Amino acid sequence: MEFEKIENALKKGEGEEVRIRGWIYRKRRTGKLIFAVIRDSSGIIQTVVEKGKVSEEEFNDAKKALIESSVEVEGIIHEDERAPGGRELHVTKFRVVSFAEDFPITEHQSVEFLLDNRHLWLRSRKLTEVMKLKSEILRFIREWFHENDFYEVTPSVITMNAAEGGATVFSFDYFGQPAYLSQTAQMYLEAMIFSLERVWSLTPSFRAEKSRTRRHLIEYWHLEAEEAWVDNKKNMDLQEEMISHVCRRVAEECKPQIEFLGRKAEELKAIEPPFPRIKYERALEILREKGFEIEWGDDFGVPHERALVEEEEKPIFVTNFPVEAKAFYMKIAPDGKTVECADMLAPEGYGEIIGGSEREESIESMIERLKKDGANIENYEWYFDLRRYGSVPHSGFGLGVERLVYWIAKLDHIRDATPFPRLLRRAYP
RNA sequence: GCCGGCGUAGCUUAGUCAGGUGGAGCACCCGGCUGUUAACCGGGCGGUCACCGGUUCAAAUCCGGUCGCCGGCGCCA
């Protein structure tokens, strides 16, 4: 007999024989009966081991086996209202594959202890559901790019460019030369649009900033796209279509995962184009009406973003930030003061999930802004070549995958959107 | 980097204000129970009170310092 996934075993009828394998999730004993709840990747089922119905040795093994012991179990499915879920497995054969030692995680846990034991806490229901959801979100993202004529490309994560803005980078010795861990693949993607026109990539990105917030990871999965012949408006159209596609597909296919996590499928179904678009200037007015003291030129902090989206049900775009608040590669707008950029802020106060812009084509304008930042112009020569040989209008955007998961899964901290979070004070396990 | 909080058994904690032999629940072990749902009942095992120094007859407790973690801000996706 083949092993059955627990999900399927639970669908079998009264009296049917099944064989499952997994880990002991909970165990209760009462005299001659042992109730062992078994979990595998698909779900959990209560098994009943009764003295006399299995060999003496098997009964004793079942008695001894602690939580998280791995087991193979055969038995008969019975409907019983006393069982969680109304169905259980009456065991005829109980084999312990490996006896677990005392499992350190018990009913009361602190954040610190769970992070120290992340490798074990990944077995919890919550993280299991989040990891399944993340896998599906990535699948839907890939689905959308494929349907919209994008090529998936694989840029390098090791770079000589100390990258954008003033963001801090991790540096290391590359056979005697200084090199850095990438913060963005954007410039490499820009190079590739001249052959592939529409490209996207999924890479790890690294930020050495000492950020201590619930929405920052030191290492995160960065999804970036770059599109030839596309301006900032069309760029926003693409972003809202992609996000809406992912939300709709999650609502359709991941209902058990999201509802376990407290996110209603209807809330995600309601996410569809168009998303509200407001200019930075208008956002300033809204913030001032809400009592913030904020000057033209200031970038938004967490409280500002939260205030802009706390009452929204869909994500919003904030466009046309002041030139001095954004990176050198963003195209300067006709007004001369702002850039053709757009930040997508997730609703319910979750804040920025995407940053995008139309790219500057004037080499002079970029050099001027890079000099203001004190950057070494020589490092950008190859990038300027992209403007020298048949430049075209183009735009792109970058999305923090964990931020998307954080919002969709309604998490209270981004660390739970990734299996082994790298945080300011933690890179173990 | 700044501000705040916390650190007592494997885990979660009481005790710290007001110095005087560190208690409990969970986990684990032993025993009991033929329908448990975080099972229950009885017993047992388990402590460098984060670390270093000081005050005191006496420090988990008071004082000084160090380290670690958490939360918020700043910075950023």
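What you see is a predicted model, and the numbers here were worked out from it, not measured in a lab. Below, read A as the first sequence line, B as the second, and so on, with proteins coming before strands; counting in each chain starts at 1.
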> Looking for any heavy atom pair under 4.0 Å, which part of the strands does E219(A) touch: base, sugar-phosphate only, or nothing?
Replying inline: nothing
>> Taking the minimum atom-to-atom distance to the side chain of L115(A), which one of rG35(B), rG74(B), rC70(B) wins?
In response: rC70(B)
> Of the candidate nucleotides rU36(B), rC73(B), rG68(B), which contains the atom at the shortest distance from the side chain of P84(A)?
Replying inline: rU36(B)
> What nucleotide, of rG35(B), rU36(B), rG74(B), holds the atom closest to the side chain of P303(A)?
Replying inline: rG74(B)
> R212(A): what forms a salt bridge (Lys or Arg N to Asp or Glu O under 4.0 Å) with it, not counting sequence neighbours?
Replying inline: none
> When all nucleic acid strands are considered with a 4.0 Å heavy-atom cut-off, which category describes R214(A): base, sugar-phosphate, or nothing?
Replying inline: sugar-phosphate
>> Over 60° means perpendicular and under 30° means parallel, so tell me whether F328(A) and Y383(A) are parallel, tilted or perpendicular.
In response: perpendicular
> Checking side-chain hydrogen bond (donor to acceptor under 3.5 Å, both in side chains) for the pair S201(A)/Y188(A): CA distance, chi angles, key distance, verdict?
Replying inline: CA-CA 10 Å; S201(A) 64; Y188(A) 295 125; over 6 Å; no
> Given the C1' atoms of rU56(B) and rG20(B), what is the spacing between them in whole Å?
Replying inline: 12 Å
> Could one point to a donor on the side chain of S211(A) or the base of rC76(B) with an acceptor on the other under 3.5 Å away?
Replying inline: no
> Taking only residues two or more places apart in sequence or in another chain, which ones pass salt bridge (Lys or Arg N to Asp or Glu O under 4.0 Å) with E68(A)?
Replying inline: R39(A), R123(A)
Under 3.5 Å, which protein N or O atoms sit close to an N or O of nucleotides 24-30 of chain B? Give each pair with its distance.
residue: rC26(B); atom: O2'; partner: E107(A); partner atom: OE2; Å: 3.1
residue: rC28(B); atom: O4'; partner: D102(A); partner atom: OD2; Å: 3.4

> Which listed nucleotide (rG71(B), rG35(B), rG74(B)) is nearest to the side chain of H413(A)?
Replying inline: rG71(B)
> rG71(B) base to R212(A) side chain: any donor-acceptor pair below 3.5 Å?
Replying inline: yes
> With respect to the side chain of A83(A), which nucleotide from rG74(B), rG10(B), rG35(B) is positioned closest?
Replying inline: rG35(B)
> How are the rings of Y220(A) and H222(A) set relative to one another: parallel (under 30°), tilted (30 to 60°) or perpendicular (over 60°)?
Replying inline: tilted
> Does any donor-acceptor pair link the side chain of E209(A) with the base of rG74(B) at a separation under 3.5 Å?
Replying inline: no
> Quick one: side chain to side chain donor-acceptor pair (under 3.5 Å) partners of R198(A), sequence neighbours excluded?
Replying inline: none
> Which dot-bracket string fits RNA chain B when only Watson-Crick or G-U wobble pairs with both atom distances under 3.5 Å count, crossing pairs get [ ], and | stands for a partner on a different strand?
Replying inline: ((((((((.[[[[.)....(..]]]].(((((.......))))).....[[[[[..)....]]]]])))))))....
>> Could you check whether K233(A) pairs with E340(A) (Lys NZ or Arg NE/NH1/NH2 to Asp/Glu carboxylate O, under 4.0 Å)?
In response: no
> Contacts to RNA chain B from residues 422-429 of chain A, heavy-atom cutoff under 4.0 Å, which residues?
Replying inline: R425(A), R426(A)
